[in-house]
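Numbering of ligands and ligand atoms starts at 1, following listing order. If you're wondering where the values come from, they're calculated on a predicted model, not measured in any experiment.
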Amino acid sequence: MIIASSALDHIGDEFDKRHLPKRVVLFFDTNTARLFGNGLKTTLKKAEFNYHLVTVAANETAKSFRNAERVYGNLIAAGIDRSYTVLAVGGGVVGDFAGFIAASYLRGLPLIHVPTTLLAMVDSSIGGKVAINHAQGKNLIGFFYPPMLTLIDKAFLNALPTRDVYSGLAEALKYALISDEPFLRYIERHFERIAALQSPHIDTVIKKSVRAKQRIVKLDFKETMGLRATLNFGHTFGHALEKIARYKYLRHGEAVLFGMCCAASLAHAVGNIDEAAFHRIIDLAKRFPIKPSTTKKYFLDVPPKAMLENMSSDKKKSGGRLRFVLLRQLGKAYLSDDAIEAAVIVSAIRAAQQAMAL
Ligand SMILES: NC(=O)c1ccc[n+]([C@@H]2O[C@H](COP(=O)([O-])OP(=O)(O)OC[C@H]3O[C@@H](n4cnc5c(N)ncnc54)[C@H](O)[C@@H]3O)[C@@H](O)[C@H]2O)c1
Ligand SMILES: [Zn+2]
């Protein structure tokens, strides 16, 4: 893991250190190709790399079997052999898809993530999960495939739309809520400065988030102990909202933010956190400048029962029943084993919606 300005300038040294041939399959999406393609190609040429270019769609449709098959064909035709390393330059979509190809093509090529969205920097490029989607659900087909290296350079964020900055910030907030109460205070205190990408605040947020995720993943890499599952705080609710918004009208982080409000409400309903802690989370969530019409249509006006029905894909992943990540207190979370009655979940969702509407 390298978090630094101009992190890519030293990529040649990283290959030399590992005795790897300087050959890469360079993955972009159409946006990151347009924004960073030329710069990166120049850097690679200067460091005497050979590269083969793959560009995918700049949305969730890239993470499909059909696209994987197309790309395998392209790599075989281009004679890409095991001397190549996959370099994924983009957000979570490129990282997940290129990672999936890296894990499977010729039984696995080394993988380097170069995250270009805040969400990818603080979340998807860390922890070694790669996946594509299935018609029956997101991220259902994939691998635990740790990258050889993740290179984080915040300069990429200068081109990122504000909406995506806040989406990434929601995932950073997740780490604070589940594992680091002082980090929560930091985000509350410096919220505007972080969102404006000011130094050193944005750097601190990236570093603290990366460390929080690494700490958790190290102890429970394959998600068997219930610890890594706490990274899904707010996600059971969030995934339902994303599905209702047809993976189109909500950013992942926005859905997770609303989901965390519901999850906090549930933790309050079962008596873990008090009213003040619940409202602290709601007050912070309200500072995210999500369009009121979006908030209304895809959260406040969504019937709680519809949310519950749309949690089916999470149910499948956890053995046929819903398991919730609950806060024990601010900065501490656990995967609950308790069967929570539908009526309790529905009223917790309603309470979160009412609090957010005030
Ligand atoms: N593997 C994991 O552990 C993990 C964790 C969280 C999320 N994910 C996955 O990540 C994906 C979401 O990732 P995301 O939010 O980064 O979305 P994304 O990859 O779709 O990127 C969002 C948009 O920003 C554009 N973009 C990327 N970098 C840019 C930049 N620097 N400047 C301007 N535009 C830029 C992209 O082209 C895209 O249009 C989902 O598919 C989700 O399943 C995976
Ligand atoms: Zn997430």
Glu254: which of Arg163, Lys291, Lys297 passes salt bridge (charged side-chain N to carboxylate O under 4.0 Å, His left out): Arg163
Pairs of nitrogen or oxygen atoms closer than 3.5 Å, one from Gly90 and one from ligand 1: do any exist? no
Could you point out which residue of Leu44, Val89, Leu40 forms a side-chain contact (heavy atoms from CB on, under 4.5 Å) with Leu8? Leu40
What do we get for Leu157 next to ligand 1 when only non-hydrogen atoms under 4.0 Å count, side chain, backbone, both or neither? neither
Could you work out, for atom 6 (C) of ligand 1, the closest of Thr30, Asp123, Thr117, Val122 by heavy-atom distance? Asp123
Lys63-Asn139 side chain donor-acceptor pair, cut-off 3.5 Å: yes
Per-atom filter on ligand 1: closer than 4.0 angstrom to a heavy atom of Asp96 are 1 (N), 2 (C), 8 (N), 9 (C), 43 (O), 44 (C)
Between Tyr105 and Tyr84 (judged by ring centroids, cut-off 6.0 Å), do the two rings come close enough to count as a pair? no
CA sep, side-chain torsions, deciding dist, call: Glu309, Lys243, salt bridge (Lys or Arg N to Asp or Glu O under 4.0 Å): CA-CA 11 Å; Glu309 278 155 22; Lys243 200 167 166 197; over 6 Å; no
Please list, in number order, the atoms of ligand 1 under 4.0 Å from a heavy atom of Leu35. 32 (N), 33 (C), 34 (N)
Distance only, no hydrogens: is a donor on one side chain within 3.5 Å (strictly under) of an acceptor on the other, for Tyr72 and Ser104? yes
Of all the atoms in ligand 1, which lie at a distance below 4.0 Å from a heavy atom belonging to Glu60? 40 (C), 41 (O)
For atom 22 (C) of ligand 1, the option (of Leu160, Asp164, Val130) bearing the nearest heavy atom: Asp164
Counting from 1, what ligand 1 atoms have a heavy atom of Asn139 closer than 4.0 Å? 43 (O)
Any idea which atoms of ligand 1 are less than 4.0 Å away from a heavy-atom of Ala159? 32 (N), 33 (C)
Flag yes if more than 12 heavy atoms outside Lys154 fall under 6.0 Å of its NZ atom; otherwise flag no. yes
How are the rings of Tyr166 and Phe191 set relative to one another: parallel (under 30°), tilted (30 to 60°) or perpendicular (over 60°)? tilted
Any idea which atoms of ligand 1 are less than 4.0 Å away from a heavy-atom of Thr32? 27 (C), 28 (N)
Any N/O/S atom, side chain or main chain, of Asp123 closer to the Zn ion (ligand 2) than 2.8 Å? no
N/O of Lys63 under 3.5 Å from N/O of ligand 1, yes or no? yes
What is the ring orientation for Tyr186 with His190, classed by angle as parallel under 30°, tilted 30 to 60°, or perpendicular over 60°? tilted
Which of the numbered atoms in ligand 1 are below 4.0 angstrom from a heavy atom of Phe36? 30 (C), 31 (N)
In ligand 1, the atoms that come under 4.0 Å of a heavy atom of Phe156 are 30 (C), 31 (N)
